[in-house]
Colleague: 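One structure follows; several queries about it will come next.
Just so you know, these numbers come straight off a predicted model, no measurement behind them. To find a chain, count down the sequence lines: A is the first, B the second, and so on, and within it residues start at 1. Values below: every heavy atom of this structure, side chains too, minus hydrogens, waters and symmetry copies.
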Amino acid sequence: MPSGLFQSFDPAEPVPASYYRNGAPHLVRDPETLLDGMNPQQREAVVHAGSPLLIVAGAGSGKTRVLTHRIAYLLGARGVQPGEILAITFTNKAAGEMRERVEALVGPRAKAMWVSTFHSACVRILRRESKRLGFTSSFSIYDAADSQRLMALVCRDLDLDPKQFPPKSFTAKVSNLKNELIDEETYAGQADNAMERKLAEAYALYQRRLREANALDFDDIIMTTVNLLQAFPDAAEHYRRRFRHILVDEYQDTNHAQYMLVRELTGGASGQAPKKTVDGEFVNPAEAALAEIPPAELCVVGDADQSIYAFRGATIRNILDFEEDYPNATTILLEQNYRSTQTILSAANAVIERNSNRRKKNLWTAGAEGTRITSYVADDEHGEAQFIADEIDRLTDAGDAKPGDVAVFYRTNAQSRVFEEVFIRVGLPYKVVGGVRFYERREVRDVLAYLRVLANPEDSVPLRRIINVPKRGIGERAEAMIEALASRERISFPQALLRVDEAYGMAARSANAVKKFNDLMAKLRGVVESGAGPAAVLEAVLEETGYLAELQASTDPQDETRVENLQELAAVALEFEQEEPVEGPDGEPVQTGLPGFLERVALVADSDQIPDEDGEGRGVITLMTLHTAKGLEFPVVFLTGMEDGVFPHMRAMNNTKELEEERRLAYVGLTRARERLYLSRAVLRSAWGQPSYNPASRFLEEIPPTLVDEKRTAAAAVPSLKSGGVGGSGGGFGGRSAGTGTAGGRRSTPAAGWGKNAGRMKDRPTVTLAVGDRVTHDRFGLGTVMAVSGPADDAKATIDFGAEGTKQLLLRYAPVEKL
DNA sequence: GCTCGATATTTTTTT
DNA sequence: AATATCGAGC
């Protein structure tokens with residue numbers, strides 16, 4: 001029998017019934033072996049019982065391992081039933097991974113746990129409780145683009161000047177309000193200037209339209225669930241009795257609504273006492289029942305230093321104030337890092353330390369110091385990409401890395417282009433993650449809109465999207481007439497569409513087009529009613545609407561890709577259809593058929609595309625934004641575009657709060673690297689078609705110079721200023737300020753006017769020194785470096801020259817050479 | 001009603 | 001540079 005597996009318990013302990021579900025006991029790990037190889041803090045986090053638990057998990061501290069082992073321990077050692085566990089993550093990918101890893105530990109009974117995202121958990125609850133909330137269980141889910149479109153319609157209906165009241169900003173504001181759990185009525189009461197009153201009006205109409213369409217937007221999903229739990233004590237009771245253990249991952253990314261949701265589900269947080277009369281009687285008997293349920297055991301995991309979604313309403317407050325929200329909470333700090341070299345960790349620590357008001361944390365590793373971080377200053381973004389391509393080539397040739405080990409990070413999606421160009425040219429395999437996402441592509445959204453209308457005929461947003469796609473002669477004017485009919489007859493837009501004949505002033509040709517459209521939809525509805533699955537319905541849509549035919553007939557090369565995307569969508573539908581219907585634990589409704597498919601598509605963004613480690617293959621280089629990189633790790637990481645204005649982003653630079661968020665983003669980026677870390681920047685970068693000179697990112701200066709090996713410096717990057725023959729940029733231009741021209745097939749770099757190094761004429765490239773390095777000085781002779789301080793390109797060193805004494809030197813000017 | 005060309009607009013975005 | 005949006009003209 002393999003060690004670590006056993007079949008019986010200590011006789012002193014009763015065997016938990018959970019071990020014998022489904023008949024015969026299966027091989028179960030001794031729960032204590034779950035603690036093998038863990039450090040003391042991790043163990044404590046796994047076994048802790050009896051009070052709310054906050055696990056402050058630094059980057060790479062084995063967070064997921066702790067969470068999964070904690071769940072396994074709950075099941076194995078504490079007799080918890082799988083059905084009593086609710087584990088919440090932010091992404092479907094994270095949820096899937098967690099479930100998989102728990103299943104590997106405890107076997108198939110893990111299936112009965114709820115491991116899901118905030119949104120899918122809430123949708124599940126809402127489908128079950130939809131009746132009491134006034135919509136049907138087949139409600140539609142509006143994503144950001146749908147919300148946008150609906151708000152645009154609403155603003156138009158209210159005759160709002162789009163210049164003065166931009167629908168886009170209204171959408172964002174409504175989203176923020178919902179994240180703060182402020183509903184339209186409450187907001188109407190507090191709006192006190194012209195703009196806010198208009199917003200209140202738009203908010204109210206927007207909500208009305210959603211209800212009419214039997215739809216909820218992303219933010220509603222959370223807010224409505226909170227409202228449900230607060231308004232219906234018996235509903236709250238059901239879920240509180242059920243979920244006795246609630247685990248929340250990435251707690252630093254929760255917004256207020258999600259925070260309240262966790263509180264409502266857990267019960268027992270401070271300030272939760274139900275209303276009582278003066279005699280101590282409960283006002284509401286259902287609340288009395290609720291009050292008797294002891295609070296669930298709450299365990300949240302997070303790292304305030306990795307909070308990078310404040311711009312979407314996430315609030316660090318939730319993690320910082322956890323101990324106040326849950327007064328008897330225990331906090332465990334995980335600082336030991338199992339991912340990166342000490343060099344990388346020291347750099348990350350040094351950067352994040354500049355943020356104010358943070359809980360002090362010091363990542364450390366029992367592992368190696370590792371190689372120094374490589375920095376590189378390129379002439380322009382092409383040079384930067386070229387350097388990275390060359391370096392990856394070098395690493396792979398030397399057998400130090402496979403392409404799949406390498407990730408290239410950047411601040412904004414637009415920066416990926418140059419890397420793609422260069423990688424294609426030199427033949428490096430790569431994959432860009434993110435950017436325009438699959439489910440946001442026009443053709444995918446068009447076709448899904450058909451399916452949505454078929455699933456929910458009252459949903460007017462997708463209906464209006466496809467009413468004239470492909471073009472069938474129902475223009476703006478015709479649409480306006482239908483709308484007029486709808487408001488005249490006080491019916492919905494979809495209903496008005498069916499009564500075209502009553503539309504006043506509609507051209508015969510338009511009316512005929514609408515009728516043909518109605519016939520088409522009726523025919524498709526017939527396909528749905530015949531019991532066809534999502535894949536068959538999708539195929540019917542593609543055929544009957546002529547959508548596919550139009551794309552295939554097109555000469556636009558883009559349309560070829562579109563056909564492929566639709567094929568992929570059809571494949572997804574087929575896959576969904578053939579999935580064995582996962583039985584919801586204890587008969588929870590699980591959506592199948594068209595509504596099920598649409599729900600899947602609405603709640604699953606495609607983070608699926610992060611290249612997996614495929615055992616055999618050498619993998620591909622991963623290109624992505626820093627935001628997308630959170631939670632991942634790679635042996636080799638290139639952090640690119642390290643320039644003020646790019647990263648930190650220009651719009652975050654004059655605001656301390658936003659700058660601190662950028663710094664956390666830098667921290668996230670740095671801590672993704674396991675072994676090798678590269679920091680690169682370009683002196684000249686073309687952004688929005690305009691070339692601009694960017695100074696070094698302030699984050700670079702925050703990394704101790706001793707940790708960095710400057711492979712190419714700013715001095716080398718400015719041809720006209722350098723004396724040595726370092727690097728192969730444009731070639732020398734004397735001392736002249738060269739304009740933007742072409743030299744050696746590459747754009748050259750004007751000399752004047754950039755950064756703090758301008759004016760440093762004719763000196764050698766700044767040496768990078770580390771403590772202990774031996775140097776020679778033109779005047780003082782041999783010396784040993786005692787200390788180094790200051791930012792990389794402005795570093796000072798303390799050097800012991802023996803008989804000549806110990807000198808403080810500014811390396812930028814000092815005539816020192818490394819030996 | 002549709003197409004073309006001028007004009008404005010660009011962060012990040014797990015759901 | 002690339003794309004979305006808008007208005008004029010067919």
Colleague: Using whole Å, what does the distance between atom P of nucleotide B:dT13 and atom CG of A:L603 come to?
Modeller: 19 Å
Colleague: Provide the closest heavy-atom pair for A:E479 versus A:R464 in the form atom of the first, atom of the second, distance.
Modeller: OE2-NE, 3.0 Å
Colleague: How many whole angstroms separate atom CD of A:E420 from atom C1' of C:dA2?
Modeller: 14 Å
Colleague: What closest approach, in Å, do A:G383 and A:D380 show between heavy atoms, and which atom pair accounts for it?
Modeller: N-OD1, 2.8 Å
Colleague: For A:N413, which contact category applies under a 4.0 Å heavy-atom criterion: base, sugar-phosphate, or nothing?
Modeller: sugar-phosphate
Colleague: Tell me the interatomic distance from A:F419, atom CZ, to C:dA1, atom P, rounded to whole angstroms.
Modeller: 18 Å
Colleague: Taking only side-chain nitrogens and oxygens of A:N468, does any of them come within less than 4.0 Å of OP1 or OP2 of B:dG1?
Modeller: no
Colleague: Answer with base, sugar-phosphate or nothing: what part of the nucleic acid does A:A478 contact at a heavy-atom distance below 4.0 Å?
Modeller: sugar-phosphate
Colleague: Closest approach to the side chain of A:H119, judged atom by atom: which nucleotide of B:dC2, B:dT13, B:dT15 is it?
Modeller: B:dT15
Colleague: Taking atom P of B:dT15 as reference, at what distance in whole Å does atom CG of A:D146 sit?
Modeller: 15 Å
Colleague: Considering only C:dA2, B:dT12, B:dT10, which nucleotide approaches the side chain of A:R417 most closely?
Modeller: C:dA2
Colleague: Any idea which of B:dT12, B:dG1, B:dT15 is nearest the A:T412 side chain?
Modeller: B:dT12
Colleague: Atom CD of A:E440 and atom P of B:dT12: how far apart are they, to the nearest Å?
Modeller: 12 Å
Colleague: Return the stacking result for B:dT11 and A:H649: yes when the ring centres lie under 5.5 Å apart and the planes under 30°, no otherwise.
Modeller: yes
Colleague: Cation-pi between A:R672 and A:Y667: NZ/CZ under 6.0 Å from ring centre and within 45° of the ring axis?
Modeller: no
Colleague: Side chain of A:F311: nearest nucleotide among B:dT15, B:dT12, B:dT3?
Modeller: B:dT12
Colleague: Side chains of A:D249 and A:T89: donor-acceptor distance under 3.5 Å anywhere?
Modeller: no
Colleague: Less than 6.0 Å separating the ring centroids of A:F118 and A:F90?
Modeller: yes
Colleague: For B:dT13, does OP1 or OP2 lie under 4.0 Å from any side-chain N or O of A:T628?
Modeller: yes
Colleague: Grab the CD-C1' distance between A:Q690 and B:dT9 for me, whole Å please.
Modeller: 14 Å
Colleague: I want to confirm an ordering. Mapping A:R411 and A:I474 to their closest nucleotides on DNA chain B, which one lands closer to the 5' end?
Modeller: A:I474
Colleague: From the set C:dA1, B:dG1, B:dT13, return the single nucleotide nearest to any side-chain atom of A:T625.
Modeller: B:dT13
Colleague: Just N and O in the side chain of A:N255: are any of them under 4.0 Å from OP1 or OP2 of B:dT15?
Modeller: no
Colleague: How close or far is atom C1' of B:dT12 from atom CD of A:E661, stated in whole angstroms?
Modeller: 8 Å
Colleague: Using atom CE of A:M481 as one end and atom C1' of B:dG1 as the other, report the distance to the nearest whole Å.
Modeller: 13 Å
Colleague: Do you know which of A:D183, A:D219, A:D217, A:N255 makes side chain to side chain donor-acceptor pair (under 3.5 Å) with A:K178?
Modeller: A:D217
Colleague: When you match A:K168 and A:R472 each to their closest nucleotide on DNA chain B, which lands nearer the 5' end?
Modeller: A:R472
Colleague: Between B:dT12, B:dT10, B:dG1, which one does the side chain of A:R651 approach most closely?
Modeller: B:dT10
